[in-house]
Amino acid sequence: MYYAHSTERENRSDWQSLADHLRAVAELAGERGNKFGARKAAQLSGWLHDLGKYSSAFQAYISGRGESVDHSTAGAREAIQLATSGMDRLIAELVAYAIAGHHAGLPDRQGVSASLDARLKNKKLPELDPVWITEVEGDCQGLFPLQFDLQRTSREKAAFQLAFLGRMIFSCLVDSDFLDTERHYAQVSGDLIDRQWPALKDDVDQLLSSFDTYMERKLAAIPEAEFATPLHTLRRDILAHVRNKASMPKGVFTLEVPTGGGKTLASLAFALEHAKHWKMDRIVYSIPFTSIIDQTAAIFRTVLGKEWVLEHHSQIENETVQPEDRNERHAQHPEAKQRRAMENWDAPIVVTTNVQVFESLFSHRPSRCRKLHNLANAVIILDEAQTIPLHVLRPCVAALDELARNFGCTIVLCTATQPALLAPAFVGGFEKTQELAPHPPRLHGAFRRVTLRVAGELSDDALISELSDVDQGLIIVNSRKHALALYHKAKARGLEGLVHLTTRQTATDRKRILEDVRRQLRDGELCRVIATSLIEAGVDISFPRVWRAEAGLDQIIQAAGRCNREWERPKEESFIIVFRPTEAEPPKEIKDFAAAMGRVAPKHSDLFSQAAIESYFQEVYWQKGDGLDRIPVKNLNGANVQGSVRESFAVNGGATNFSYRTVGEAFRLIKDGMEPVIIAIEDKPKDALKALRAGMPAGKAARELQSYLVQIPPKYRNALIDNGHAAFIEGFDTQFVVLKTESFYSREQGLVWEKADELGIEGNTI
């Protein structure tokens, strides 16, 4: 008998047979692929993925008697050899990418020795026992999904679509492989698998009832004198209008509602009603910044119940993908299978980040791609859709379009400032979108509650003087460095009621700070906040006066949403003041956005109007041109040059040439990248780390720890580690890095990582 997985037991009574494993993975993968018409292709990947284990060399290896061997390439070769006809052969190539990459990550077709071509043509593999032919049931006929809408008029679009389909098949395979392996070892050890979620389809009526009960309580809490005010009337009208559109066919929708109009609850109501009508599998709510994910997840848990909501940050997920033949012995060990912090988004409602969504959609890594098949037949809501970074905007729009076109998704672009993403004005944009809000131009006028003032240049001292003149005010600047410097200067001036809010602080501390700030505002206490732009995206807070460092028009409008949010005072007494800092240079992209706003401003008397917003985005996109699809790739000399996601996937002569690994390594929503440091000062994160060391699954530990992280530049994290101020948790590769020098962190300042070059205890030891 041939085995897929071994244990320490010599009589092999609890080893998993290879035939059982292949059959189970094929069935699981087929179920997942069936949601988008790719059952046969996904099944084939499951049947063939471990074909190389039908060799005496591999069996000796898992018995502890030999070296590790490549067990993936054999199945990839067989997939291509079995398929002969046109479209089936193309899909078989997608299956080959998936099989070849199910441990090492999706490969490029051409290039280095680890490329698919090199492995298929040149790699010497152990001989397979012909018995596999009687135990494997792979069928290579009829692989192309029947309902797949392939854009044959554009070779570039068609190639992108096929590459996207390949990544989804890969997702079905790696998730199924992991689940069956996990199930087997859980049976062996007697462990319970913490992976049970209720199904949205079965209980959506209950969730809608919970939503209605919540809204009834919320409305009942509004004082009678305020119930009929324009603000509350508008919010109720928006919610009712959006819910009434839920039976519309699946597709791409926009929800353009000014800040304070109730977008979050309205989009959730639409998603629930829409999911019920079309029997959809889940709701994925994607947020641009980790800074507010906990706030949104908390709202959803309050409305629906905590057992329905998975809150998934993007922060603890550093998987090192190795070539197939490297560290294979470790990879096959049962404990190693459990150690990576991987989510498969099997929950009915997922609250996550744009980084997690889009970097997964373009990843080559098994851990990132594992969840992708669960996006099929989902309602995907993008909060603040205008914040998708420009350098990857075109491929991100293409991915969303593909999810709606071929994977049964409904996309909701939810924003106060809807970007102009319709084709043909936006090349490669959506062919059609449908608006959910009632008459957005009227809403923009109705929700006008601030007065805009352009102040020109302001020094930090002048800014602090203006802040000192008001009892309650908010300053928003463009960088964490400037925010901290400004805070220190204001503190040195003796300003009372001073608050610093930044992603230097953990999500837990930011939540506490915001609770204190809301109480201070409500009770009329001194409250002067210096913050970064994290406060702009969906943070429910209201000041009488806001200062905003120069930025794009959309950011100015978002900042204005933190001023007079509940219409507490006349708009003539509520100011959003835009200024140009003299001591802090804005990031280049912010400077470009501000310049675009400057060019648009003279053409519009009302910069908050829908017409001005549309002109602004058209200006930004026109100026950027080809820069809307730019990733760094290496040329033949190994130097970084500008590349394109769309140009990395091609079909020529009936064969694919896909650069999955190149794109996966280069595609980053945030160009400079950030890496997490765990701040384990409180009991809860300390307990989670203790449990992780004692055997808690990494994914569960990551969920426990995600509110106690700070994202910092990689060079500073490396310096913290090198100088003994931070350390890896042993046995988990680079996933978990914990701050050791606790004095570098305080709730007031956050993590001052600039101290990383100071020598720590280890650095002072000779």
Side-chain angles (χ1 to χ4, degrees), residues 218-219 221-223 225-239 255-267 287-289 291-292 295-296 298-299 383-384 386 414-417 437 440 443-453 467 470-476 497 499 501 510-511 513-525 527-548 551 553-578 607-608 613:
K218 186 177 177 71
L219 292 174
I222 299 173
E226 296 180 18
F227 191 82
T229 59
L231 175 61
H232 290 297
T233 300
L234 278 169
R235 286 174 176 167
R236 291 195 301 274
D237 289 347
I238 291 167
L239 177 60
L255 177 59
E256 187 171 358
V257 174
T259 53
K263 289 190 301 296
T264 301
L265 289 175
S267 61
I287 295 169
F289 309 114
S291 55
I292 58 165
Q295 172 185 291
T296 304
I299 292 171
D383 191 25
E384 309 300 350
Q386 79 285 350
C414 186
T415 176
T417 54
L443 290 179
H444 279 282
F447 273 89
R448 191 66 40 76
R449 55 198 185 277
V450 300
T451 299
L452 174 65
R453 194 176 86 201
L467 183 62
V470 298
D471 292 339
Q472 296 181 338
L474 167 66
I475 295 174
I476 304 173
V499 177
L501 186 65
R510 291 196 303 268
K511 182 179 179 182
I513 291 167
L514 284 169
E515 286 172 353
D516 288 344
V517 167
R518 290 187 182 103
R519 180 192 57 76
Q520 291 163 351
L521 291 172
R522 184 177 62 249
D523 295 346
E525 298 178 11
C527 185
R528 294 153 173 159
V529 177
I530 297 171
T532 59
S533 60
L534 75 88
I535 202 168
E536 292 171 355
V539 177
D540 186 4
I541 204 162
S542 182
F543 286 85
R545 190 164 299 190
V546 174
W547 288 261
R548 180 56 168 100
L553 177 57
D554 56 322
Q555 290 180 280
I556 302 302
I557 292 172
Q558 289 293 335
R562 308 319 120 192
C563 180
N564 198 26
R565 188 177 178 87
E566 299 296 320
W567 299 8
E568 304 97 325
R569 58 192 64 80
K571 68 179 181 181
E572 292 79 15
E573 299 173 12
S574 307
F575 293 98
I576 170 75
I577 302 161
V578 179
L607 278 176
F608 288 3
I613 294 166

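Bear in mind the structure is a predicted one, so any value in this text is a computation, not a measurement.
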[X]: partners by salt bridge (charged side-chain N to carboxylate O under 4.0 Å, His left out), with sequence neighbours left out:
{"X": "Glu573", "value": "none"}
{"X": "Asp540", "value": "Arg565"}
{"X": "Arg545", "value": "none"}
{"X": "Arg562", "value": "none"}

Does the side chain of [X] reach to within under 4.5 Å of the side chain of [Y], using non-hydrogen atoms?
{"X": "Thr229", "Y": "Ile222", "result": "no"}
{"X": "Gln386", "Y": "Ile613", "result": "no"}
{"X": "Gln558", "Y": "Val539", "result": "no"}
{"X": "Phe227", "Y": "Arg236", "result": "yes"}
{"X": "Thr259", "Y": "Phe447", "result": "no"}
{"X": "Pro258", "Y": "Phe608", "result": "no"}

Side-chain ion pair, Arg449 and Glu566, N-O less than 4.0 Å =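 Salt bridge absent between Arg449 and Glu566.
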Dump the intermediate steps for side chain to side chain contact (heavy atoms under 4.5 Å, CB included) on Glu256 and His444, then the final yes or no.
-> CA-CA 9 Å; Glu256 187 171 358; His444 279 282; 3.0 Å; yes
Donor-acceptor check, side chain of [X] to backbone of [Y], threshold 3.5 angstrom: yes or no?
{"X": "Glu384", "Y": "Ile287", "value": "no"}
{"X": "Arg528", "Y": "Ile475", "value": "no"}
{"X": "Asn564", "Y": "Glu568", "value": "yes"}

Given Ile576, which of Val546, Ile476, Leu474, Ile557 fulfils the side chain to side chain contact (heavy atoms under 4.5 Å, CB included) condition?
->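 Considering Val546, Ile476, Leu474, Ile557, a side chain to side chain contact (heavy atoms under 4.5 Å, CB included) with Ile576 is found only for Val546.
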Expected list for residues 529-537: side-chain donor-acceptor pairs under 3.5 angstrom, two or more places apart:
unit_1 : atom_1 : unit_2 : atom_2 : d
Glu536 : OE2    : Arg548 : NE     : 2.3
Glu536 : OE2    : Arg548 : NH2    : 3.1

With side chain to side chain contact (heavy atoms under 4.5 Å, CB included) as the test, would you mind laying out the steps for Asp554 and Thr415 before giving the verdict?
-> CA-CA 10 Å; Asp554 56 322; Thr415 176; over 6 Å; no
With Lys571 via side-chain contact (heavy atoms from CB on, under 4.5 Å) - residues at least two apart |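 Scan of Lys571 (side-chain contact (heavy atoms from CB on, under 4.5 Å), adjacent residues dropped) gives Arg448.
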